[in-house]
Amino acid sequence: LSKASLSIWGWGGLGVVLFLVTFGPFAIFYLAFYIFCFIGGGFAVTLLYGKINSEKHLEKCEHSYLPPTQIGILKTLEEMKLEMKPIKIDRRLTGSSFIDEPLQQVIQFALRDYIQYWYYTLSEDESFLLEIRQTLQNALVQFSTRSKEVDWQPYFTTRLVDDFATHLRVFRKAQDRLGDREDKQRDITDELIDSFFEAEVEMERKICRDVVCTSHKDEEGFLRDLCELLLYLLLPPGDFHNKNMRYFLREVLARGVLLPLINQLSDPDYINQFVIWMIRDSSCNYEAFMNILKLTDKPAELEAVKDKVLEELQYLRSLDTAGDDINVIKNQINSLLFVKKVCETRIQRLQSGKEVDALKLAANFGKLCVIPLDHILVHNIALQFFMDFMQAAGAQAELFFWLTVEGYRVTAQQQLKVMQGWQKDGKNQPTTTKGLLKAAALGVYEQYLSDKASPRVQVDEASVTKLGEKLQKDDPTPEIFDEIQRKVYDMMLRDERYYPSFKQSPLYVRMLAELDMLKEPSYRGSDDGDGESFNGSPTGSINLSLDDLSNSCHDESMHLHAFISDTGVCNDHGKTYALYAITVVRRNQDGSEDCWKTYRRYSDFHDFHMRITEQFENLASILKLPGKKTFNNMDRDFLEKRKKDLNAYLQLLLNPEMVKACPTLIPYVYDFLENKAYSKGKGEFARKIDTFVNPLRSSMRNVSNAVKSFPDSLAEGMTKVSDNMGRMSERLGQDIKQSILKVPPLLPKSDIDPEHCRVSAQLDDNVDDNIPLRVMLLLMDEVFDLKEKNQWLRRNIKNLLQQLIRATYGDTINRKIVDHVDYLTSPEQVADYVKKFRDSYWPNGILAETPLRRDKSIRMRTRVAAKTSLLGIMPDELKHIIGADTTRKGILRVFEMFQYQPMNRRLVYVFLEGFLETMFPQYKFPELFVKLHSRSPRIHRYNQKLKCASLKR
């Protein structure tokens, strides 16, 4: 056995050795590879043979069990593929080539960026896209056709203004409800929004848009319903009844177009930027900016301004300058340091909770400007506050008697002048004129002085008896009431119950605020810790309050020096003018000095000169202002000569002898030399309305016009008598009764509660049919809350606005408004709107990216800039009519209204609803909106409240 096994291993080993020697060491691998190829090849041949046999078998089975395909169907399919007929689309939309071209581009861009990008992943069939385009174009054609049939003038001039004014009224009511809260520093955004929509329910009664404006889900549902209704009105019936098409277009319009647009229009930051853009041509008003910083109650705004100031300070201090530039930079640094100080002081007050009302602060400060009684009686705003005080004191009869006598005197003087003209012309003097004057005089006597008068003017009986005898025996003269009027004036002036008490009352402080003669105690600065001292103000003007001005003339230790240090030529929007830099140095009582620069044009000098020469007639012969030059007035030699002449003018004006001769001149000089935008009183616009916006310089004729209740007053009626006495005599008698016998407190009140109805419901039907006047009255009432004023001031403002419109535009204002509306809706302007929309959403033909939300500090600074712009564009004439403090509060109320997005959404939806109701007047859109907005829980609560109130009655 062992020999056998040995022989096997021997022969086996010999075979292996011979195999390796013969084929090499890699022969084993070749052998394995050959075997693998043999097996794999056999397997592949088997699969191929099986596949061929299987296909032959399946083909035999198909032909055996299925009927053969008809040749006609195959031929039809092949022809349909070969004959792809293109759909022809009419590119005409509005009938105007100006509009159609950009509108077609908008449609193309919208289809490309909102539909094509996802549709081509599903299908390459173009017919669906063409059908969508055709449907959109059909809707636009219907929309264009309906818009041409609508008269848009009433919408833009009445409905739009009414919606805005009503929205403002609701906001004001919401503010008033939360105005008496104790914790005024706490964020009350949610409470204010709730109060706003509660006030909307009370105003609209059947509508509340809180659900739509505060719930994203409900808002989408509302927009879907609205879009489906619009598609029903604009699409052909076949397209609308195609549910797939209708739902598709509804979602695109609701979520792709309307919702993003509403989000943008209701964004407070976007509105603030838009306000700044709209007022971009007006220059920044330094005084308005400082007022905004001192009035704001938002620490975030102050912090944002302070951060920007620190950034600018760091940049200015890093500059390496020399020569004249260093003085400019120092002035800029001082200005920024002052702004920084104001911000820090205001932030500290707000954070400490020690914020004090400016009126209370001024009242406690103790030093107030004193306005004489004779000035109060001829100033519209001041007279309103004095009238309120006298009514509270039960002495309104004395004041109304004085005013009525003034009106009678002017009327009688005018009538006598007309009578004298008739005598010169040889005309017969009608007896009715004397009879009317006597009736007017007897009416005054019966109203205020007779035993039947209630209340009766308290004067001595002897004077009243003497006057009664004169009225019975003699013809009345303009001076017939002068003696008693003088006694009434002395009584109001000296009696402690009247004018002296008025000067100590809160109404007097409020009057000063309205006249812009009330300033906060000034900020006194120190250095900022960096070694650069500053005197509290780079201008020195904010340190100086008006009570300081009124008393500075009695302070011999205070001196003021000024000289023109430089002259430059400026170009502002194409207008070139010379600017004079005036360096002013004021020496204070403690020996310190305040120095600042102010910049004035020649027109400012001219306006100032006209002011002081009117107030101080003796100065006209002493002060000589350099004359004007029409041509080559920018020549350097001429400017140098004018600079010397104006310097001589300033030195003469500030001469100590001049100050002693005219001590009351000092406040005017201080006002002119303050570093602020000079408020001109003699501009071209101011001249047109000078006779009724500056009562301190106007004659008593203004008082008579102001006291009268109706535009066609007694004086106006008397003037018209000269044209046609017989025809006007009856009207004149009516005017006498209206203007003299009916004093302001006796005006009837409306039965409609103005706080629970739309603004348009309160339009006075007696106002002449003048669209701009109606719009002004609506906006003035709500923006400046004139309903809080007494009826005398409201009537006076109405008359002033009528004169303002006629003095500025004449009788063509209505036509101008119509022409402007026509211009705004012209094809060229509409095409421009479409182009701006296209360029803003698709700049250079590419869809614009969604802008990122801006940083909070930038948004806060934008708020400050927007408020400054709004406050800066308010004309001084408006402040003279309704008061400076009322103007500021009204403008800031409008601004504050736009800072809450839910409220802005409500306003956008109100405008949209009004647009649709105007666009489709034949459909019942108002009823539809009532149904859509009546889902609010507030509506149900309000109805339950009304039911409970009715049951209690």
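- Two rings, from Y232 and H241, have their centers 6.0 Å or more apart.
- Using a distance-only test at 3.5 Å, with no hydrogens or angles considered, a donor-acceptor pair links the side chain of R246 to the main chain of F240.
- When atom types are taken as modelled, the side chain of E220 and the backbone of H216 share no donor-acceptor pair closer than 3.5 angstrom.
- Taking the side-chain contact (heavy atoms from CB on, under 4.5 Å) definition, one finds that L192 meets it with F171, A174, Q175, L178, Y900, M903, sequence neighbours left out.
- In summary, of the residues considered (R255, R905, R209), a salt bridge (Lys or Arg N to Asp or Glu O under 4.0 Å) with E219 occurs for R905 alone.
- Taking R112 as the reference, nothing meets the salt bridge (Lys or Arg N to Asp or Glu O under 4.0 Å) condition, with sequence neighbours excluded.
- Between R159 and D163 there is a salt bridge, since at least one side-chain N of the basic residue sits less than 4.0 Å from a carboxylate O of the acidic one.
- For the salt bridge (Lys or Arg N to Asp or Glu O under 4.0 Å) with D269, the qualifying choice from R863, K856, R854, R859 is R854, the only one to do so.
- Side-chain atoms of Y833 come within 3.5 Å of backbone atoms of L824 as a donor-acceptor pair (strictly under, hydrogens ignored).
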Working for salt bridge (Lys or Arg N to Asp or Glu O under 4.0 Å), residues D839 and K835: CA-CA 6 Å; D839 295 339; K835 290 177 181 178; over 6 Å; no
Test side-chain contact (heavy atoms from CB on, under 4.5 Å) applied to F197 and C213, step by step: CA-CA 10 Å; F197 287 110; C213 297; 3.9 Å; yes
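- A donor-acceptor pair under 3.5 Å is absent between the side-chain atoms of S195 and the main chain of E191, judged by distance alone.
- Formation of a donor-acceptor pair under 3.5 Å by the T296 side chain with backbone atoms of I292 is not found in this model.
- Looking at Y155 and E917, their side chains never bring a donor and an acceptor atom within 3.5 Å of each other.
- Note on ring orientation: taking the six-membered ring where Trp is involved, the planes of F915 and W152 are parallel (angle under 30°, cut-offs 30° and 60°).
- Without hydrogens or angle criteria, T121 side chain to W118 main chain gives a donor-acceptor distance under 3.5 Å.
- In this structure, F222 and F929 have tilted ring planes: the angle between them lies in the 30° to 60° band.
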